[in-house]
Trainee: 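Below is a structure I'd like to ask you about.
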Amino acid sequence: MDMPSTRIIFMGSPEFALPTLRKLTELYRVVGVVTQPDRPAGRGRKLTPPPVKTLAQALGLVCIQPQRLRHPQAISQLHTWNPDLIVVAAFGQILPPEVLDIPLHGCLNVHASLLPRWRGAAPIPHAILNGDSETGITIMRMDEGLDTGPILNQSVIPIQADDTTGSLHDRLAHLGAELLIETLPAYLAGKLQSQPQDDSQATYAPLLKKEDGCLDFTRPAEELERRVRAFHPWPGAFTMWQNTPLKILKAHVVSGKARLGERVVAQGLPALGTAKGLLVLDEVQPAGKKSMSGGAFLLGARDWIQ
């Protein structure tokens with residue numbers, strides 16, 4: 001199939017999807033974009049478009065935002081666009097069979113994990129939470145399951161000791177765009193064999209909730225440090241301090257003993273007792289204030305030590 005004439009619909013919503021959409025429009029004919037509806041965001045709860053909508057408009061692409069993809073109007077629009085291929089990157093809705101069946105070449109997903117590990121909505125934080133040494137991108141052909149389709153291509157990257165979900169997200173977003181573009185020519189030419197996933201190796205990465213950020217000091221410090229990195233930038237790791245949440249933006253582990261959740265000082269910084277070792281707070285954000293170093297926080301928090 002002639003690549004520039006291949007008609008592609010792109011489906012995606014958050015920042016992760018932007019590099020893939022940009023790359024696709026440089027090399028292929030993107031006939032339409034599907035993204036999530038505008039949602040209230042920020043302190044004023046102002047209706048805010050998803051990042052993909054903003055980019056699509058800047059690129060002059062037609063964009064629709066159905067509440068549900070299976071809505072007859074949305075299905076009708078997809079048929080009108082007459083795609084050869086649908087590319088999905090962090091769209092946020094399951095594709096129903098009537099959508100999967102529309103394009104001649106099916107629907108491909110750019111997924112931010114090494115499937116079948118970390119199927120689901122939040123693969124990046126779960127890889128950090130679990131202490132995985134590596135992650136990557138999987139390009140897969142979608143079926144009706146949750147990230148269960150056959151694999152076309154994968155690319156692996158190491159998870160660094162100081163990686164947060166934010167830093168890993170940015171690397172994976174660009175890797176996803178590159179791997180998709182590398183995969184498409186052979187796939188569209190029918191020269192790429194897909195590999196079924198080994199379901200027995202599957203792990204799941206459900207969406208995070210705000211309350212997941214509350215640190216549990218019955219866990220070892222090493223695990224809590226991973227939580228701090230996995231929950232940055234969202235939902236943010238925190239503990240309670242003077243009846244308000246104290247956000248922990250960066251932390252490290254030292255050996256030492258204190259009661260569970262006990263506030264102590266270690267290496268001149270605020271620290272907390274855990275099931276094993278001390279969690280030392282390098283950077284924090286008290287409620288209603290800007291982020292600050294642990295040392296600066298300690299200067300103002302005279303009663304940190306109980």
Trainee: With under 30° as parallel and over 60° as perpendicular, where do the rings of W304 and W241 fit, or are they tilted in between?
Mentor: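 If you compare the ring of W304 with that of W241, the planes turn out tilted.
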
Trainee: Looking at every non-hydrogen atom in both residues, tell me the closest pair between A56 and C63 and how far apart they are.
Mentor: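 Here A56 and C63 meet closest at CB-CB, 4.2 Å.
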
Trainee: Hey, could you give me the CD1/OG1 distance between I137 and T20, rounded to the nearest 0.5 Å?
Mentor: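 Nearest 0.5 Å value for the CD1-OG1 distance: 7.5 Å.
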
Trainee: In this structure, which one of N82, L78, V88 forms a side chain to side chain contact (heavy atoms under 4.5 Å, CB included) with I9?
Mentor: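 Among the candidates, only L78 passes.
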
Trainee: Which heavy atom in V228 sits nearest to a heavy atom in I248, and how many Å separate them?
Mentor: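 The answer is CG1-O, 3.5 Å.
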
Trainee: Side chains of Q65 and T35: is there a donor and an acceptor less than 3.5 Å apart?
Mentor: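 On atom types as modelled, these side chains do not qualify, holding no pair under 3.5 Å.
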
Trainee: For the pair R141 (side chain) and L152 (backbone), establish whether a donor and an acceptor sit closer than 3.5 Å, ignoring hydrogens and angles.
Mentor: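 No; zero donor-acceptor contacts below 3.5 Å.
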
Trainee: Check the hydrophobic clustering (I, L, V, M, F, W, Y; side-chain heavy atoms under 4.5 Å; chains of links allowed) and say if L298 and V284 are grouped together.
Mentor: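 Yes; V284 is reachable from L298 via cluster members.
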
Trainee: Minimum heavy-atom separation for I128 to T164, with atom names?
Mentor: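 So the two residues come closest at CD1-C, 3.5 Å.
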
Trainee: Under a plain distance cut-off of 3.5 Å, with no hydrogens placed, do D143 and T148 share a side-chain donor-acceptor pair?
Mentor: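 Result is yes, a qualifying pair exists.
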
Trainee: D84 side chain to L104 main-chain N or O, any donor-acceptor pair under 3.5 Å?
Mentor: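 Not confirmed, D84 side chain does not pair with L104 backbone.
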
Trainee: R227 and D216: salt bridge (Lys or Arg N to Asp or Glu O under 4.0 Å), yes or no, with the steps?
Mentor: CA-CA 10 Å; R227 292 182 90 80; D216 173 5; over 6 Å; no

Trainee: Under 3.5 Å, is there a donor-acceptor pair between the side chain of Q197 and the main chain of G149?
Mentor: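 A pair under 3.5 Å: yes.
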
Trainee: Enter the distance from T138:OG1 to R119:CZ here, rounded to the nearest 0.5 Å.
Mentor: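 Those atoms lie 10.5 Å apart.
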
Trainee: Might you work through the side-chain hydrogen bond (donor to acceptor under 3.5 Å, both in side chains) test for W118 and D132, ending with a clear yes or no?
Mentor: CA-CA 11 Å; W118 305 127; D132 292 3; 2.8 Å; yes

Trainee: Examine distances only and state if a side-chain atom of Q93 and a backbone atom of Q67 form a donor-acceptor pair shorter than 3.5 Å.
Mentor: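 Present.
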
Trainee: Can you tell whether the side chains of R70 and E98 come within less than 4.0 Å, N to carboxylate O?
Mentor: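 Result for this pair is yes, salt bridge flagged.
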
Trainee: May I ask you to decide if F91's main-chain N or O and S13's side chain share a donor-acceptor pair within less than 3.5 Å?
Mentor: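 Yes: the side chain of S13 pairs with the backbone of F91.
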
Trainee: Are more than 12 heavy atoms from other residues, nucleotides or ligands located less than 6.0 Å from atom CD of Q73?
Mentor: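 Counting other residues, nucleotides and ligands, CD of Q73 stays at 12 neighbours or fewer.
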
Trainee: Might you work through the side chain to side chain contact (heavy atoms under 4.5 Å, CB included) test for K209 and L207, ending with a clear yes or no?
Mentor: CA-CA 7 Å; K209 303 185 289 294; L207 269 177; over 6 Å; no

Trainee: Spell out, yes or no, whether L95 and L108 are grouped together once hydrophobic residues are joined by side-chain heavy atoms under 4.5 Å, including indirect joins.
Mentor: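 Unlinked, L95 and L108 end up in two clusters.
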
Trainee: If you take all heavy atoms of A173 and P19, which pair is closest and at what distance?
Mentor: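 Nearest pair, atom of A173 first, then P19: O-CB, 3.7 Å.
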
Trainee: Which of these, I86, V62, I64, sits in a side chain to side chain contact (heavy atoms under 4.5 Å, CB included) with V34?
Mentor: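 With V34 as partner, I86, V62, I64 yield a single side chain to side chain contact (heavy atoms under 4.5 Å, CB included), made by I64.
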
Trainee: Which pair of non-hydrogen atoms, one from A127 and one from I159, has the smallest distance, and what is that distance?
Mentor: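 For A127 and I159, the tightest heavy-atom pair comes out as CB-CD1, 3.9 Å.
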
Trainee: Which residue, R171, R226, H232, R229, forms the side chain to side chain donor-acceptor pair (under 3.5 Å) with D163?
Mentor: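 When R171, R226, H232, R229 are each tested with D163, the side chain to side chain donor-acceptor pair (under 3.5 Å) holds only for R171.
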
Trainee: Kindly give the heavy-atom pair with the smallest separation between A266 and A271, and that separation in Å.
Mentor: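 So the two residues come closest at CB-CB, 4.0 Å.
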
Trainee: Decide side chain to side chain contact (heavy atoms under 4.5 Å, CB included) for T165 and W234; before the verdict, give the C-alpha distance in whole Å, the side-chain angles of both, and the deciding distance to 0.1 Å.
Mentor: CA-CA 8 Å; T165 288; W234 196 90; over 6 Å; no

Trainee: Between L192, L179, L184, which is the residue that forms a side chain to side chain contact (heavy atoms under 4.5 Å, CB included) with I139?
Mentor: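 With I139 as partner, side chain to side chain contact (heavy atoms under 4.5 Å, CB included) holds for just one option, L179.
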
Trainee: Around atom CD of E144, are there more than 12 heavy atoms of other residues, nucleotides or ligands at under 6.0 Å?
Mentor: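 Not buried by this count: 12 neighbours or fewer within 6.0 Å.
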
